[in-house]
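Because the structure is predicted, anything quoted here is derived from the model rather than measured. Hydrogens, waters and symmetry mates play no part in the numbers below; they use all other heavy atoms, side chains included.
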2 protein chains.
Amino acid sequence: MNAGFPSLDHDHKRCVADAMARADEACDARGVRLTPLRRRVLQALAESHSPLGAYEIVERLKKTREPVPAMSVYRALDFLLAEGLAHRIESQNAFLACIHGHETDEIVLFLLCERCKRVAEVTSGALGRDLSQATRGVGFSAKARVLEVSGLCNACKKTEARVKQSQGISR
Amino acid sequence: MNAGFPSLDHDHKRCVADAMARADEACDARGVRLTPLRRRVLQALAESHSPLGAYEIVERLKKTREPVPAMSVYRALDFLLAEGLAHRIESQNAFLACIHGHETDEIVLFLLCERCKRVAEVTSGALGRDLSQATRGVGFSAKARVLEVSGLCNACKKTEARVKQSQGISR
DNA sequence: TAACGCGCGATATGATGTAACAAGCGAATG
DNA sequence: CATTCGCTTGTTACATCATATCGCGCGTTA
Ligand SMILES: [Zn+2]
Ligand SMILES: [Zn+2]
Ligand SMILES: [Zn+2]
Ligand SMILES: [Zn+2]
């Protein structure tokens, strides 16, 4: 098992800069081009730490000197997904910058907090083994996996508890 | 572990009739109304054995004496999802009749064949335990789970292999 | 009967995603 | 240098998926 939610007080500027640097490197190594446009889309995602809809990205980039049409955002996203620099969160029709970079065929589980909207990417060997076993059990060859769990992160759980309690008192 | 793909030669008329009967019972038991409209939507899903988009359902019902507007199909789907009579396949923005009926909180994994479009609903205790462990490991409280794996079913895998081989011969 | 909840019709609108074709632009080729 | 080629981007239009809102009909309840 591995990874959790981004801590609430981390150095986010640094976090974004690092992610962009890793993306530059990765693209360089693979001989693909992280063009300015693609870079801006990835940066918008990285700055958010929450899944963003394609049109949310459009909105954010609209506030910069150079707006980007929706079509171009989708194309950039296609590229980022293909290169593993971003993930698609199917249950939200939204996209997320990938912070770590995963091994190929590594199985990733997304934990989606409904309250604070943060995301944890969890990788678990045991989970992967069970998945393989469950699929192979019926002779199925897996290609793509969508593993998403929504709920409440630890921090938000505590907050909700506090809110509930104070409501109880005021009643 | 449990369940697989519907066999290619099963008595589908019977399969649909049974599913509808179970749905009638379930609604009756819970005191909710499986109205004619809801029933027709469920039946359209059950007849397909593959996920259908909402507007595909609209199209199929358009061919009957009494077409159903999209809005009503969505409302029926909301009901069917709430009652656990249908599932939403997030990675396809589509819907699927539930054949078995699951225990509450049972964890269901969908295997989606990219070629024949059939779906297997797999439940696995081990998978559930690992999921719980992975989520609890970071203090996360899970509410909804989306577990979807797309790939090739056993039958389609064999077909593809045959196609590949015959291509190899003709070259 | 009157009030109410609920299912449904009807229309409009919003959100998400693609198709198709033209134009820019840099690298390779001659 | 001029040409050609492939990839990226701009532009417009369209397709698909989903929700908002208002009002009517109908059975239940007070
Ligand atoms: Zn950060
Ligand atoms: Zn949270
Ligand atoms: Zn069947
Ligand atoms: Zn198949």
Rounded to whole angstrom units, what separation is found between the [atom1] atom of [X] and the [atom2] atom of [N]?
X: A:Arg39; N: D:dT9; atom1: CZ; atom2: P; result: 14 Å
X: A:Leu34; N: D:dT9; atom1: CG; atom2: C1'; result: 15 Å
X: A:Arg38; N: D:dC7; atom1: CZ; atom2: P; result: 11 Å
X: B:Asn93; N: D:dT19; atom1: CG; atom2: C1'; result: 14 Å
X: A:Gln92; N: D:dA18; atom1: CD; atom2: P; result: 15 Å
X: B:Ile57; N: D:dA18; atom1: CD1; atom2: P; result: 10 Å
X: A:Leu80; N: D:dT8; atom1: CG; atom2: P; result: 12 Å
X: A:Leu37; N: D:dC7; atom1: CG; atom2: P; result: 18 Å

Of the candidates D:dC17, D:dT9, D:dA20, the side chain of B:Met71 sits closest to D:dA20
Nucleotide range of DNA chain C lying under 4.0 Å from chain A heavy atoms:
C:dT16 to C:dA20
Look at the side chain of [X] and the backbone N and O of [Y], then say whether any donor-acceptor pair between them is shorter than 3.5 Å.
X: B:Ser50; Y: B:Lys117; result: yes
X: B:Arg22; Y: B:Leu85; result: no
X: A:Arg38; Y: A:Arg33; result: yes

Within less than 4.0 Å of OP1 or OP2 of D:dT9, is there a side-chain N or O belonging to A:Ser72?
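Negative; the distance criterion is not met.
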When you check the phosphate oxygens OP1 and OP2 of D:dC17, does a side-chain N or O of B:Arg88 lie under 4.0 Å from one of them?
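For B:Arg88, the contact criterion (side-chain N or O under 4.0 Å from OP1 or OP2 of D:dC17) is not met.
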Nearest-nucleotide comparison on DNA chain C, the residue closer to the 5′ end among A:Arg33 and A:Asp78:
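Closer to the 5' end of DNA chain C: A:Asp78.
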Starting at CG of B:Leu34, measure out to CZ of B:Arg40 and round the result to the nearest 0.5 Å.
12.5 Å
Roughly how far apart are B:Leu96 CG and B:Leu81 CG, rounded to 0.5 Å?
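Going from the CG atom of B:Leu96 to the CG atom of B:Leu81 covers 10.5 Å.
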Count I, L, V, M, F, W, Y as connected when their side-chain heavy atoms are under 4.5 Å apart, and connections chain through other members. Are B:Leu52 and B:Leu61 then in the same cluster?
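Hydrophobic grouping puts B:Leu52 with B:Leu61.
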Using a distance-only criterion (donor-acceptor N/O pair, under 3.5 Å, no hydrogens), is the base of D:dA20 paired with the side chain of B:Tyr74?
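It does not, because no donor-acceptor pair links the side chain of B:Tyr74 to the base of D:dA20 below 3.5 Å.
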Is the gap between the ring centers of B:Phe110 and B:His87 under 6.0 Å?
yes
